[in-house]
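None of these values were measured; they are calculated from a predicted model. Letters A, B, ... mirror the listed sequences (proteins, then strands); counts begin at 1.
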2 protein chains.
Amino acid sequence: MNNQALSSKKAQIFQISTQLFRKKSYTGTSMQDIAGAMGIKPASLYNHINSKQEILIELLLHGAGLFVDGMNEIRASQLTDLQKLERLIALHLRITVDNTDLMALIAVEWRHLEGDGMREYLKLRNAYENDFRIILKDAMDAGQIHQMDVEIAFFSILTTLKWFYSWYDKHSNLSLIDLEEYLKKLLLGGLKIS
Amino acid sequence: MNNQALSSKKAQIFQISTQLFRKKSYTGTSMQDIAGAMGIKPASLYNHINSKQEILIELLLHGAGLFVDGMNEIRASQLTDLQKLERLIALHLRITVDNTDLMALIAVEWRHLEGDGMREYLKLRNAYENDFRIILKDAMDAGQIHQMDVEIAFFSILTTLKWFYSWYDKHSNLSLIDLEEYLKKLLLGGLKIS
DNA sequence: GTCTATATTTTGATAGAC
DNA sequence: GTCTATCAAAATATAGAC
């Protein structure tokens, strides 16, 4: 569910916070909850982090980084735009499988970010979404997928990918290959020009 | 966004709480927030409701009731199972359009229910989902849609419908008829036997 | 039906001993 | 690095005057 290293206490705080924030929400999780799950006292947490908000920021910026890095790799490639779209779907799938709890924070808990943390997060998210939109539009302009309203196609695909984690929870027994084929067919099947 | 009557103060509390719970989450919304949005003091709220948790319970049981009532109407009809599936999609769409904020609570905030409230809510939700699953299975057995894993098809359809409200937010300009056709094609297009 | 005043808990966070 | 002790603020909720 979550591959974050357990080596340091700080990493352990992040891992447990991810689980708790998903289960009880950011505002519904107390420092007491986090410390209790680690077997220490709340005050001890502050030797590793400066505030509860800082935990949320680090988790979400880490998550956003996974998407931005994957996007940059795909953009730098020589693939066709349609192939890039397929890679983006595979990217979402891989990140979701490796960080299911974190995806819940990306889908729901980001709204509890404050100030600069929120601004920085939204900057990364907007950059990613814009890159995604451009690839979709280019694939359309190149005649690789059917001509249609870019915004509708874009949000339809992204919404499904965004909430896929809640679906994956119940089907983590399926193989990665099957899931990838299923998602590609679901999201691009009606779009591709055969 | 929310058609709840404003006639009584109690109804006004429900309406404002729905908006705030969606925007700031249940645990992130204080009685102060609700009272402040109404222009009264927090203590005054308790003349109309008994607790913050009671607000959440009433909102979610009302929401669950919309689905259960719609399901009962559809089940009582003489439609084919495939037609019933199409009616269920239209039901979700109509409830989402009329109660967009409430759908966010159904998708996310239900986890903050406690005790009997949680048990009663889950009972209604499970009953609805079971009825939905049975109709899907019957449509498959009757040869109206392609044979496939019922659970995968079921969760795939329900997940999309569940998160549709976050998509609808950005496309509330589209006509109901277009949205219904789009959703039916998206969810049943690959399934229907032509 | 709303208010002020208040009780009680819990919250995030800090100081300082060990 | 963890603890105890503590703080200040905010939370839900109640009592009782008006």
Taking atom [atom2] of [N] as reference, at what distance in whole Å does atom [atom1] of [X] sit?
X        : N      : atom1 : atom2 : result
B:Met31  : C:dA7  : CE    : C1'   : 17 Å
B:Gln12  : C:dG1  : CD    : C1'   : 13 Å
A:Ile49  : C:dA13 : CD1   : P     : 7 Å
A:Asp33  : C:dT10 : CG    : C1'   : 11 Å
B:His112 : D:dA11 : NE2   : C1'   : 15 Å
B:Leu20  : D:dA11 : CG    : P     : 13 Å
A:Glu54  : C:dT14 : CD    : P     : 11 Å
B:Gln32  : D:dT12 : CD    : P     : 9 Å

Crowding at CD, A:Glu120 (>12 non-hydrogen neighbours, <6.0 Å): no

Closest listed nucleotide, where the reference is the side chain of [X] and the choices are [options]:
X       : options               : answer
A:Lys41 : C:dA13, D:dC3, D:dA13 : D:dC3
A:Ile40 : C:dG12, D:dC3, D:dT12 : D:dC3
A:Ala43 : D:dA11, C:dT14, C:dT4 : C:dT14
B:Ser44 : C:dC3, C:dG1, D:dT12  : C:dC3
B:His48 : D:dT4, D:dT12, C:dG1  : C:dG1

Please determine whether a side-chain nitrogen or oxygen atom of A:Ser30 lies at a distance below 4.0 Å from atom OP1 or OP2 of C:dT10. no

Side chains of A:Ser25 and B:Ser25: any donor to acceptor distance under 3.5 Å? no

Using a heavy-atom cut-off of 4.0 Å across all strands, would you classify B:Thr29 as base, sugar-phosphate, or nothing? sugar-phosphate

Can you sort out the partners of B:Lys170 under salt bridge (charged side-chain N to carboxylate O under 4.0 Å, His left out), two or more places apart, ordered by chain and number? none

State whether the side chain of B:His112 and the backbone N or O of A:Lys24 hold a donor-acceptor pair below 3.5 Å, judged by distance alone. yes

Answer yes when A:Lys184 and A:Glu180 have at least one side-chain N-carboxylate O distance shorter than 4.0 Å, and no when they do not. yes

